[in-house]
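Just so you know, residue 1 is the first one in the sequence shown, and it goes up from there. None of these values were measured; they are calculated from a predicted model.
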Amino acid sequence: GAGSRHCSRQLRSLACSFGLLTAAALGVHLMEGRIEAHFSFFVLIILLTLYEEWTVFALAVGFVLLHHGAMGMIQPTEVFRDQDQFSQPWLWAGIHAIFVAAAGIAALVAWRLNEDVRRRMQDAQDALAVAAETDVLTGLGNRRRLLADLEFAASEREAMLALFDLDGFKTYNDAFGHQAGDVLL
């Protein structure tokens with residue numbers, strides 16, 4: 001299901017996540033409920049942050065809760081190691097699910113912070129791109145912009161180039177000062 005091109009990205013993400021969660025659960029069964037086998041769920045929840053989808057985290061928390069609770073009632077020795085866990089499988093399933101949810105929340109916070117950084121970086125890149133092609137004084141396109149526009153115009157079938165020259169601008173600048181010349185431009 002995770003590789004099916006007929007399903008949406010979200011369904012493929014959920015199918016892949018379910019498969020990975022099932023593999024982690026099988027690892028817990030094969031290790032007869034040893035706590036070290038449960039660590040795979042924490043590694044997995046961090047990997048699932050790559051999807052950047054809330055539904056994947058909800059699936060992971062629900063999976064751990066239902067798996068540990070149901071299997072803790074049916075065959076507790078394959079999910080848990082201690083006698084008190086055998087007698088209260090849903091309590092311990094809830095504890096495990098809470099820790100998986102906490103790991104997921106930490107991953108989501110990191111995800112959100114990364115989104116903010118990506119957005120600020122993109123804003124800075126956009127501002128730099130505009131600044132690189134804009135004359136600070138006039139706010140008009142600079143030489144770099146002119147060359148880019150000329151390259152684009154040359155690729156078009158019909159293009160027109162108009163040049164304007166300000167006669168006597170140096171005299172104006174010398175007579176009234178550079179600030180007046182800046183305002184005139």
(message) Evaluate Q122 against R119 for side chain to side chain contact (heavy atoms under 4.5 Å, CB included), listing each step before the verdict.
(response) CA-CA 5 Å; Q122 186 61 51; R119 182 188 42 78; 5.8 Å; no
(message) According to side-chain hydrogen bond (donor to acceptor under 3.5 Å, both in side chains), does anything in residues 138-147 pair up with another residue at least two apart or in another chain? List the pairs.
(response) E133-R145, D135-T138, R145-D149
(request) Output the rest of the hydrophobic cluster of M121: all Ile, Leu, Val, Met, Phe, Trp and Tyr residues reachable through side-chain heavy-atom contacts under 4.5 Å, sorted by chain and number. (result) V117
(message) How close do S40 and A37 get, counting heavy atoms only, and between which atoms?
(response) OG-O, 2.8 Å
(message) Please give me the minimum heavy-atom distance between S4 and R12, naming the atom from each residue.
(response) O-CD, 2.8 Å
(request) Kindly write out the residues that satisfy ring pair (Phe, Tyr, Trp, His ring centres under 6.0 Å) with Y172, not counting sequence neighbours, or none if the list is empty. (result) F176
(request) Following the transitive rule for hydrophobic clusters with a side-chain heavy-atom cut-off under 4.5 Å over Ile, Leu, Val, Met, Phe, Trp and Tyr, establish whether I35 and L91 coincide in one cluster. (result) yes
(message) Looking at every heavy atom in both P76 and G72, which two are closest together, and how far apart are they?
(response) CB-O, 3.1 Å
(message) Test of understanding: with side-chain contact (heavy atoms from CB on, under 4.5 Å), list the residues that count as partners of T77, not counting sequence neighbours.
(response) Q75, F86
(message) D167: which residues meet the side-chain contact (heavy atoms from CB on, under 4.5 Å) condition with it, sequence neighbours left out?
(response) D165
(request) Spell out, yes or no, whether V28 and M73 are grouped together once hydrophobic residues are joined by side-chain heavy atoms under 4.5 Å, including indirect joins. (result) no
(message) Once ring-ring contact (aromatic ring centres under 6.0 Å, His included) is applied, what residue pairs with a partner in residues 98-156 remain, sequence neighbours excluded?
(response) W54-W111
(message) If the condition is side-chain contact (heavy atoms from CB on, under 4.5 Å), which residues does R34 pass it with, not counting sequence neighbours?
(response) M31, E32, E36, R81
(request) Sorted by first residue and then second, give each side-chain hydrogen bond (donor to acceptor under 3.5 Å, both in side chains) pair with at least one member in residues 88-103; sequence neighbours left out. (result) H38-H96, H68-H96
(request) Enter the distance from Q179:CD to N173:CG here, rounded to the nearest 0.5 Å. (result) 10.5 Å
(request) Scan for ring-ring contact (aromatic ring centres under 6.0 Å, His included) pairs involving residues 123-145, sequence neighbours excluded, and state none if there are none. (result) none
(request) Determine which pairs satisfy ring-ring contact (aromatic ring centres under 6.0 Å, His included) with at least one residue from residues 119-150, sequence neighbours left out, and list them in order. (result) none
(message) Are Y51 and V109 linked, directly or through intermediate hydrophobic residues, by side-chain heavy-atom contacts shorter than 4.5 Å (ILVMFWY only)?
(response) no
(request) Mind listing the closest non-hydrogen atom pair of V56 and S13 along with its distance? (result) CG2-CB, 4.1 Å
(message) Test: ring-ring contact (aromatic ring centres under 6.0 Å, His included). Region: residues 1-20. Which pairs qualify, not counting sequence neighbours?
(response) F18-F63
(request) Nearest 0.5 Å please: distance from the CD atom of E78 over to the CG atom of L30. (result) 8.5 Å
(message) Could you see if L147 belongs to whatever hydrophobic cluster contains L140? Use Ile, Leu, Val, Met, Phe, Trp, Tyr and a side-chain cutoff under 4.5 Å.
(response) no
(message) Would you compute the distance between atom CG of L21 and atom CG of L66 and round it to the nearest 0.5 angstrom?
(response) 11.5 Å
(request) Take K170 and D174 through the side chain to side chain contact (heavy atoms under 4.5 Å, CB included) test and state the conclusion after the steps. (result) CA-CA 6 Å; K170 181 179 180 342; D174 291 344; 2.8 Å; yes
(request) Calculate, to the nearest 0.5 Å, the distance between atoms CZ and CG belonging to R118 and D123 respectively. (result) 13.0 Å
(message) As an exercise, state the distance from SG of C16 to CG of L11, rounded to the nearest 0.5 Å.
(response) 13.0 Å
Which donor-acceptor pairs under 3.5 Å do the side chains of residues 41-49 make with protein atoms, sequence neighbours left out?
unit_1 : atom_1 : unit_2 : atom_2 : d
T49    : OG1    : I46    : O      : 2.5

(request) Return the minimal non-hydrogen interatomic distance between A97 and L65, and the atom names on each side. (result) CB-CB, 3.9 Å
(request) Check the hydrophobic clustering (I, L, V, M, F, W, Y; side-chain heavy atoms under 4.5 Å; chains of links allowed) and say if V61 and I105 are grouped together. (result) no
